[in-house]
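Since the structure is predicted, the reported quantities are computational estimates derived from the model, not experimental observations.
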Amino acid sequence: MKSTRPAVLVFSLVFAAASVPTHAQSEAAPAATATTAESTGRRLNELFEQYFEEYLELNPIFATYIGDNRYDDRLPNAIGPEHRARARELNERYLAAVQKFDPATLSAEDRISYEIFLHQRKREQESERFPDHLLPLSQTGGLQTFMPSLGSGTNAQPFATVRDYENWLKRLDGFVVYMDQTIVNMREGVAKGVVQPRPVVEKVLNQLDSLIVPKAEDSPFWGPIKRFPGTIGTEDRERLTAAYRAAIEGKVIPAYTRVRDYVRDDYLPKARTTVAWTALPDGEAWYAFNVREHTTTSMTPKEIHEIGLSEVARILGEMDGVRRQVGFEGDLHAFFEHLETDPQFYFTQGADLLDGYRKLKLRIDAALPKLFSVFPKADYEVREVEAFRAQSAAGAYYQSASADGSRPGIFYVNTYNMKAQPKFGMETLSLHEASPGHHFQGTIQRELTGLPKFRRFRGNYTAYTEGWALYAEYLGKELGFFTDPYQWFGRLNDEQLRAMRLVVDTGLHAKGWTREQAIKFMLDNSTLAETDVVSEVERYIAWPGQALGYKVGDLRIQGLRR
């Protein structure tokens, strides 16, 4: 990567002010100040633009996801020492550059951009203390499941031309290097005591096993070959088919096999029996950093835990009100069991669940003008979570549309366990993941062309993004939804999930809770299916602090509205 140090010009104006300014001075000063702010702001935004260009070159997959296809053939060894050093140099250089600006000379909007950029650079600098690269695989993330989805032919990676197909072959070469680096890093992690807990490793093994297939046609990487566009001729199809078969069977599957064998034979026996992040070296500071990262507050884990307990108790009371409203004669836990076991509350076929969400999308779209006058230009579609990652994936999640709207947003629904997808949870889940939740917030943000690109595409704060999505569930009643008491219960049940996260995440990582204790707490306080609860708890184990952002952000947004 060409690394050009930006030339940052800082202007400062010194006014010799008299004790009583003249009329001419009083009118000239605002004009001079405005000119200074415009000039300084222009140079600040040039700095932002140059940073973003360098960032894209260093992070080409991110570029692909935002619709910038200049680097579609690249996949750097992002967890290797050379790339990490380059990323650190980039951050340090721009941290030093932005600190040369005087925020008092900036306009209000530029001041916001300055503060966000400075915060992000300092945050990344602080994160250097913690060796995330030694934990390259978990069931919640990692290129082992990301790449099959990206290369499926239905995701952000384009497969419209011969060059697109050839770009992906080159990117797969980088993926093989990355997979081999995961083994190197995990070995270093074992030596330093930075290893994943056993339940996390077991889930990763399941993912790896599912992607080691006997022939290319059985792999999700074969998807683009199944979906050749009509513009690609027969000769190119034959050549590319042979090249993809060779790459998948000769490079990709062997890479998966090497990682799987290492994880199974060497890493799993050394996996942690503990689950707390604080059990890792420097773990207490590491978890505290994650809490600040995902909540953007100075609240301690103990404070968050107490808020969670209070919210869980409040929501249980509202759930009991629904039980009385529908005339159920048993107690609340009997009502939970009724909702968990009665077939009337569940689809039996994934296709029916997906169809239900597509019909619900039409109803929500029609209601949104009641509350909103600003809408994303891009639409979204409902899709099923791919089978190879369904077992350990969340019940649903959203993927943003491209900034130009050429690729729609995607509301992914997991059909692995139909008992984890109750009908009474559909309205609240759609409001959260799609419109007016993540689809509105994320897509509109990307479409704000007047903002610096780092704010449009990288200004993601868990407490804001997830807090907004949870707040979007709250708006459902104002949009005319939740008229069915069972659907209202579904909203409470999802809110309860976010409240329980405050208790369980801090319980696991700061209060010595066991995995089993966390699972029991969630089963006792909601109607979530046990498979869903286990997946949730193991997600918090692997991704500490992230789950705190939802409820913390929602409570803040609710408070701002009041």
Side-chain angles (χ1 to χ4, degrees), residues 1-13 33-76 78 83-128 156 158 376-378 400-407 441-461 464-465:
M1 179 183 69
K2 183 180 180 182
S3 182
T4 306
R5 192 171 295 272
V8 181
L9 302 178
V10 181
F11 289 82
S12 61
L13 296 180
T33 302
T35 301
T36 301
E38 181 180 352
S39 175
T40 308
R42 183 171 60 253
R43 285 161 178 78
L44 180 67
N45 280 279
E46 289 171 356
L47 175 74
F48 295 153
E49 186 69 18
Q50 187 167 349
Y51 164 80
F52 196 75
E53 281 297 307
E54 290 192 49
Y55 180 85
L56 290 181
E57 191 172 0
L58 198 60
N59 296 273
I61 285 185
F62 176 79
T64 298
Y65 258 91
I66 67 172
D68 185 333
N69 300 118
R70 289 176 292 169
Y71 311 115
D72 284 350
D73 62 337
R74 304 185 195 177
L75 194 158
H83 189 276
R84 290 190 295 107
R86 290 167 64 190
R88 182 167 56 252
E89 186 277 333
L90 177 73
N91 190 67
E92 296 290 342
R93 177 157 44 89
Y94 279 92
L95 173 60
V98 77
Q99 287 178 316
K100 294 178 182 178
F101 284 83
D102 179 1
T105 65
L106 299 171
S107 68
E109 190 64 64
D110 287 339
R111 175 71 175 265
I112 293 171
S113 296
Y114 167 88
E115 295 287 358
I116 294 173
F117 189 81
L118 180 63
H119 178 263
Q120 289 180 350
R121 303 287 69 73
K122 288 183 175 179
R123 186 178 63 179
E124 289 192 25
Q125 183 184 54
E126 186 181 1
S127 74
E128 291 290 338
K377 298 180 181 67
S400 292
S402 60
D404 62 4
S406 60
R407 187 183 73 250
Q441 186 270 311
T443 303
I444 290 173
Q445 177 180 332
R446 289 182 171 210
E447 293 172 351
L448 292 175
T449 55
L451 290 182
K453 289 177 182 176
F454 86 92
R455 284 182 63 185
R456 292 172 59 198
F457 299 110
R458 294 201 65 219
N460 296 323
Y461 293 85
Y464 174 53
T465 58

Reported CD1-to-OG distance for the pair I444 and S400, which is rounded to 0.5 angstrom: 11.5 Å
Pick out which of F52, F101, Y51, Y55 makes a ring pair (Phe, Tyr, Trp, His ring centres under 6.0 Å) with F117. Y51
When rounded to the nearest 0.5 Å, the distance separating CZ of R111 from CG of D102 is 8.5 Å
Residues two or more places apart in sequence or in another chain: which of them pass side chain to side chain donor-acceptor pair (under 3.5 Å) with S406? S402, D404
Salt bridge between K122 and E126, side-chain N to carboxylate O under 4.0 Å? no
Separation between NZ (K377) and OG1 (T443), nearest 0.5 Å, reads 11.0 Å
Shortest non-hydrogen contact from A87 to L58? CA-CD2, 3.5 Å
Testing the 3.5 Å rule here: is there a donor-acceptor pair between the side chains of S39 and R43? yes
Measuring from atom CG of N45 to atom CG of D110, what distance do you get when rounded to the nearest 0.5 angstrom? 5.0 Å
Are the side chains of E57 and Y71 in touch, meaning some heavy atoms are under 4.5 Å apart? yes
Check against side chain to side chain contact (heavy atoms under 4.5 Å, CB included), E124 and Y94: CA-CA 11 Å; E124 289 192 25; Y94 279 92; over 6 Å; no
Listed partners of D68 passing side-chain contact (heavy atoms from CB on, under 4.5 Å), at least two apart: L56, A63, I66, R70
Distance from Y461 atom OH to H119 atom NE2, nearest 0.5 Å? 5.0 Å
What heavy-atom pair brings N91 and Q120 nearest, and what distance separates the two atoms? OD1-O, 4.5 Å
Output, in order, the C-alpha distance, side-chain angles, deciding distance and verdict of side chain to side chain contact (heavy atoms under 4.5 Å, CB included) for L44 and F48. CA-CA 6 Å; L44 180 67; F48 295 153; 3.4 Å; yes
Identify the two heavy atoms, one from L47 and one from A97, that lie closest to each other, and give their separation to 0.1 Å. CD1-CB, 3.8 Å
Considering all heavy atoms, the nearest Y65-R407 contact: O-NH2, 2.7 Å
Which residues pass the salt bridge (charged side-chain N to carboxylate O under 4.0 Å, His left out) test with E46, sequence neighbours left out? none
Heavy-atom closest pair (R456 atom, R446 atom, distance to 0.1 Å) is NH2-O, 2.6 Å
Presence of salt bridge, R88 and E92, under 4.0 angstrom: no
Quick one: does Q445's side chain have a donor or acceptor within less than 3.5 Å of a partner on R458's backbone? no
Less than 4.5 Å apart, side chain to side chain, heavy atoms only: is that true for R121 and Q99? no
Donor-acceptor pair, side chain of E447 and main chain of A378, under 3.5 angstrom: yes
If every non-hydrogen atom of A156 is compared with every non-hydrogen atom of T64, which pair is closest and at what distance? O-CG2, 3.8 Å
